[in-house]
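The shown structure was predicted, so the numbers you read here are calculated from the model rather than taken from an experiment. Naming: A, B, ... by sequence-line order, numbering from 1 per chain.
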There are 2 protein chains.
Amino acid sequence: MAVGQRAVRGREPEPRTVRQPLRQEVVDGIKAYILRNDLRPGDPLPTEPALCEALGASRSSVREAIRILTALDIVEVRHGHGTYVGRLSLSALVESLTFRGLLSPDDDFQVMSDLIEVRELFERGMAERLVSCLEEEQIDRLAAHVDEMRRAGAGEGHGFVEADRAFHTLLLAPLGNDLIGQLSTAFWDVYVIVAPHLDVFTRAHEAATIANHQRIVDAVRDRDPAEFAAALTEHYAPVRLRIEEARSRR
Amino acid sequence: MAVGQRAVRGREPEPRTVRQPLRQEVVDGIKAYILRNDLRPGDPLPTEPALCEALGASRSSVREAIRILTALDIVEVRHGHGTYVGRLSLSALVESLTFRGLLSPDDDFQVMSDLIEVRELFERGMAERLVSCLEEEQIDRLAAHVDEMRRAGAGEGHGFVEADRAFHTLLLAPLGNDLIGQLSTAFWDVYVIVAPHLDVFTRAHEAATIANHQRIVDAVRDRDPAEFAAALTEHYAPVRLRIEEARSRR
DNA sequence: GCAAATTTGTCCGTATGTATC
DNA sequence: AGATACATACGGACAAATTTG
């Protein structure tokens with residue numbers, strides 16, 4: 001009963017107009033609500049029943065819409081607590097690219113190869129700006145991460161990859177371009193997740209990896225963009241090589 | 001056929017283990033089904049009732065899981081027809097970045113500025129390779145797009161933006177790195193959607209835009225990477241300027 | 001062109017798990 | 001510890017879209 005709560009649908013005179021699903025209207029409605037009230041990540045959203053009434057949809061439609069927005073990190077849900085504006089991260093990109101890498105359409109390793117190439121492009125393409133932008137204090141922190149990798153290299157690998165991730169994050173931080181940093185981090189995440197599934201040995205040549213990181217730090221300290229770019233090439237070459245090795249093993 | 005029998009819930013002995021929502025298990029189950037059967041975009045998936053039985057979940061949970069996978073373009077649904085493997089595009093990135101650009105936390109225009117910078121980095125960073133890789137036939141097609149922009153420039157703007165998009169897509173195509181091309185396209189989409197909302201006049205200086213595209217084509221034809229890079233700088237400078245203008249208007 | 005079958009879309013009612021006060 | 005507010009999950013029913021005979 002009470003089927004016609006919502007504004008009557010289907011009064012669209014245009015035959016060309018394909019009517020979109022109700023949940024999509026709810027998605028747009030929630031987006032509009034956030035924009036209209038100028039909410040920020042972490043701000044609370046109305047409860048599910050409130051959204052149902054406000055948008056004229058059932059709980060099912062509202063919940064499906066929330067699932068879509070959650071996948072995009074536009075909305076974040078805490079069970080038993082409430083619904084909030086999400087962090088607007090690039091988590092969806094990670095999910096999407098990770099699955100693409102695992103499914104591997106034609107060439108199993110093209111995705112990985114492309115990924116590394118873009119990361120190298122970010123750092124090499126910004127070489128001049130990075131070398132001039134990085135301040136002494138940040139360079140010290142980069143060096144600290146290299147030390148951290150040396151310490152963690154002996155033990156198990158968790159600290160090693162964390163330090164590696166932090167190193168590259170910090171390296172791109174002074175650009176003032178959040179997008180580049182977030183993309184680079186996202187690609188790093190995808191690589192770390194997918195590589196083991198493709199028998200790419202991420203922890204091979206750890207010593208060489210550490211040495212190359214050190215070389216990058218030294219180049220920055222010397223404010224030498226050419227040496228910086230060369231160090232980056234040295235750093236990424238073995239990664240590319242490992243992907244090629246794994247590719248040829250199949 | 002069987003997607004995989006779910007283990008009975010609720011007998012988890014570990015109190016520390018935070019049990020993930022059932023729909024997430026369904027998400028993972030559907031992903032695993034695609035990977036296990038090595039499906040490709042467009043391949044059919046089991047019907048909703050079949051997934052319910054295979055994964056031991058109700059239809060609501062299965063549908064919410066499908067919504068999540070749809071948002072990531074891992075799954076595609078056709079009403080009244082069936083569920084299929086999605087195209088694995090970067091549509092989620094477009095959605096995510098678009099909303100971030102519209103919400104605009106601190107600086108309304110930082111997202112747009114970052115976006116353009118990355119696109120320029122892609123094309124400038126690949127200047128040498130592009131200049132040497134592009135074949136005569138592809139250069140002719142680039143020139144054709146410039147002509148198309150000239151024709152469409154007089155009329156309404158739809159053909160213009162399409163030709164612009166096609167130009168940059170084709171420009172990055174010969175790299176053999178699909179990720180770069182798709183990212184560039186995604187950023188282009190975000191820019192076109194967000195710019196009008198921020199009063200950035202995308203169609204301003206159309207003549208200059210066409211002239212710069214022509215200059216890029218000429219540089220490629222002459223196999224002149226330095227001129228190519230210079231032309232790109234010329235091309236992106238006014239875009240950056242328009243963003244700055246819009247920023248200062250607020 | 002119509003009608004039936006199949007499949008997804010939407011709704012409702014209810015019960016359960018979870019976090020906060 | 002109890003109460004309350006909220007999200008999670010289930011099952012059944014009907015509507016809408018698509019294909020097929």
Under 4.0 Å between a side-chain N/O of [X] and OP1 or OP2 of [N], yes or no?
X: B:Arg67; N: C:dT8; value: no
X: B:Ser61; N: D:dC10; value: yes
X: B:Ser60; N: D:dG11; value: no
X: A:Arg59; N: C:dC11; value: no

Original post:
Taking the side chain of B:Glu48 as heavy atoms from C-beta outward, which of D:dC10, C:dT8, D:dA7 is closest to it?
Top reply: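 Looking only at side-chain atoms, B:Glu48 lies closest to C:dT8.
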Original post:
Counting side-chain heavy atoms from C-beta on, which of D:dA9, C:dT8, C:dC11 comes nearest to B:Arg23?
Top reply: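 Closest of the options to the side chain of B:Arg23: D:dA9.
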**OP:** Would you check, one step at a time, whether the test side chain to side chain contact (heavy atoms under 4.5 Å, CB included) holds for A:Leu90 with B:Arg100?
**Re:** CA-CA 10 Å; A:Leu90 298 187; B:Arg100 195 197 285 192; 3.6 Å; yes
**OP:** Using a strict cut-off of less than 4.0 Å between a Lys/Arg side-chain nitrogen and an Asp/Glu carboxylate oxygen, indicate whether A:Asp147 and A:Arg150 qualify as a salt bridge.
**Re:**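 Counted as a salt bridge, because a side-chain N and a carboxylate O are separated by less than 4.0 Å.
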**OP:** In whole angstrom, give the distance that lies between atom OH of A:Tyr84 and atom P of C:dT20.
**Re:**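 Whole-Å distance recorded here is 8 Å.
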**OP:** Indicate for each nucleotide in nucleotides 1-6 of chain C, in 5' to 3' sequence, whether protein heavy atoms under 4.0 Å reach the base (B), only the sugar-phosphate (S), or nothing (-).
**Re:** ------
Original post:
Under 3.5 Å, is there a donor-acceptor pair linking the side chains of B:His145 and B:His168?
Top reply: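 There is no such pair between these side chains.
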**OP:** Give a yes or no on whether a donor-acceptor pair under 3.5 Å exists between the nucleobase atoms of C:dT18, that is its base, and the side chain of A:His79.
**Re:**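 Absent.
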